[in-house]
Amino acid sequence: MEIREFKIYNSMTKQKEVFIPKEPGKVGMYVCGVTAYDLSHIGHARCYIAFDVLYRFLRYLGYKVTYVRNFTDVDDKIINRAKEVGEDPLDLSKRFCDEYLRDMTDLNVLVPTEQPRVSENMDEIIKMIDEVL
């Protein structure tokens, strides 16, 4: 399949530019995911629907897309909420991550290629971010 060219707004240069991936035909997307200490809200939906549209569009154009969206399950907000309700922080976070995934499924948001949890993948996440930067 031939990959079609498109322009996208570059917030650094403040203009539309032809999209040129680092590796021809391949795109890597890393999106910071939800910090899971409470139920999903409309802000989560807006953000992840926007990235879902970009993910679908890039695939439609013929790019091989690796889309990674993490779950932040180690955070002061999680620890504080867990203390409030008397629950283990990782258990609380897992419960809200599961709820979030159901919400995204209900919104027909595609599942990313990978969904690492910060608590289980800190070294890999740091390496991946370093590669992007």
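Values in this document were obtained by computation on a predicted structure and should not be read as measured data.
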| Point-to-point distance, once rounded to the nearest 0.5 Å, from CE of Met104 to NE2 of His44 | 8.0 Å
| So how far is it from Tyr48 OH to Leu107 CG, rounded to the nearest 0.5 Å? | 13.0 Å
| Under the salt bridge (Lys or Arg N to Asp or Glu O under 4.0 Å) test, which residues partner Asp103, sequence neighbours left out? | none
| remark: Correct closest heavy-atom pair for Pro21 and Val27 would be CB-CG2, 4.3 Å
| For the atom pair CD1 (Ile42) and SG (Cys47), what is the distance rounded to the nearest 0.5 Å? | 12.0 Å
| note | Glu23 meets the side-chain hydrogen bond (donor to acceptor under 3.5 Å, both in side chains) criterion, sequence neighbours left out, with Lys26
| query | Would Val65 end up clustered with Val111 when hydrophobic side chains under 4.5 Å apart are linked, directly or stepwise? | reply | no
| query | For the side chain of Asp52 and the backbone of Val109, is there at least one donor-acceptor N/O pair under 3.5 Å apart? | reply | no
| query | So Met29 and Leu58, side chain to side chain contact (heavy atoms under 4.5 Å, CB included) or not? Walk me through it. | reply | CA-CA 10 Å; Met29 290 175 49; Leu58 290 167; 3.9 Å; yes
| Between CD of Glu17 and CE of Met12, what distance do you get to the nearest 0.5 Å? | 9.5 Å
| Hphob cluster co-occupancy, Tyr67 + Tyr60, side-chain heavy atoms under 4.5 angstrom | yes
| Does the gap between the ring centers of Tyr100 and Phe71 come in under 6.0 Å? | yes
| said: So which atom in Pro116 and which in Val68 form the shortest heavy-atom distance, rounded to 0.1 Å? | reply: CD-CG1, 3.6 Å
| Do you know which two heavy atoms are closest between Leu110 and Arg69, and how far apart they sit? | O-NH1, 4.5 Å
| Modelled atom types, side-chain donor and acceptor of Asp75 and Thr35, under 3.5 Å | no
| query | For Asn80, which residues count as a side-chain hydrogen bond (donor to acceptor under 3.5 Å, both in side chains) partner, sequence neighbours excluded? | reply | none
| With no hydrogens and no angle check, is any side-chain donor or acceptor of Asp73 less than 3.5 Å from a backbone partner on Ser119? | yes
List, one per line, each side-chain donor-acceptor pair under 3.5 Å for residues 88-95, sequence neighbours excluded.
{"residue": "Asp88", "atom": "OD2", "partner": "Leu90", "partner atom": "N", "Å": "3.0"}
{"residue": "Asp88", "atom": "OD2", "partner": "Asp91", "partner atom": "N", "Å": "3.1"}
{"residue": "Ser93", "atom": "OG", "partner": "Ala36", "partner atom": "O", "Å": "3.4"}
{"residue": "Lys94", "atom": "NZ", "partner": "Asp98", "partner atom": "OD2", "Å": "2.8"}
{"residue": "Arg95", "atom": "NE", "partner": "Glu87", "partner atom": "OE2", "Å": "3.4"}
{"residue": "Arg95", "atom": "NH2", "partner": "Glu87", "partner atom": "OE1", "Å": "2.7"}

| message | I'd like to check Cys32 versus Thr72 (side-chain heavy atoms, cut-off strictly below 4.5 Å). Are they in contact? | response | no
| Path from Phe96 to Val34 over hydrophobic side-chain contacts below 4.5 Å | no
| said: Is there a path of hydrophobic side-chain contacts, each under 4.5 Å between heavy atoms, that joins Ile49 and Phe51? | reply: yes
| query | Just how far is it from atom CG of Leu54 to atom CD1 of Ile8, taken to the nearest 0.5 Å? | reply | 5.5 Å
| Quick one: does Arg117's side chain get under 4.5 Å of Val74's, heavy atoms only? | no
| query | Mind checking whether Ile79 and Met122 sit in one hydrophobic cluster, side chains of I, L, V, M, F, W, Y counted as touching below 4.5 Å? | reply | no
| request: Only counting residues at least two apart or in another chain, list the ones meeting side-chain hydrogen bond (donor to acceptor under 3.5 Å, both in side chains) with Glu120. | output: none
| task | Report the C-alpha distance between Val31 and Tyr55 in whole Å, list the side-chain angles of each, state the deciding distance to 0.1 Å, and finish with yes or no for side chain to side chain contact (heavy atoms under 4.5 Å, CB included). | result | CA-CA 11 Å; Val31 176; Tyr55 180 42; over 6 Å; no
| message | Could you tell me if the side chain of Asn10 sits less than 4.5 Å from the side chain of Gln15, heavy atoms only? | response | no
| Quick one: does Arg81's side chain have a donor or acceptor within less than 3.5 Å of a partner on Tyr37's backbone? | yes
Which atom pairs, donor and acceptor, lie under 3.5 Å between side-chain atoms of residues 126-133 and protein residues at least two apart or in another chain?
none

| Once you round to the nearest 0.5 Å, how far does CZ of Arg4 lie from OH of Tyr63? | 10.5 Å
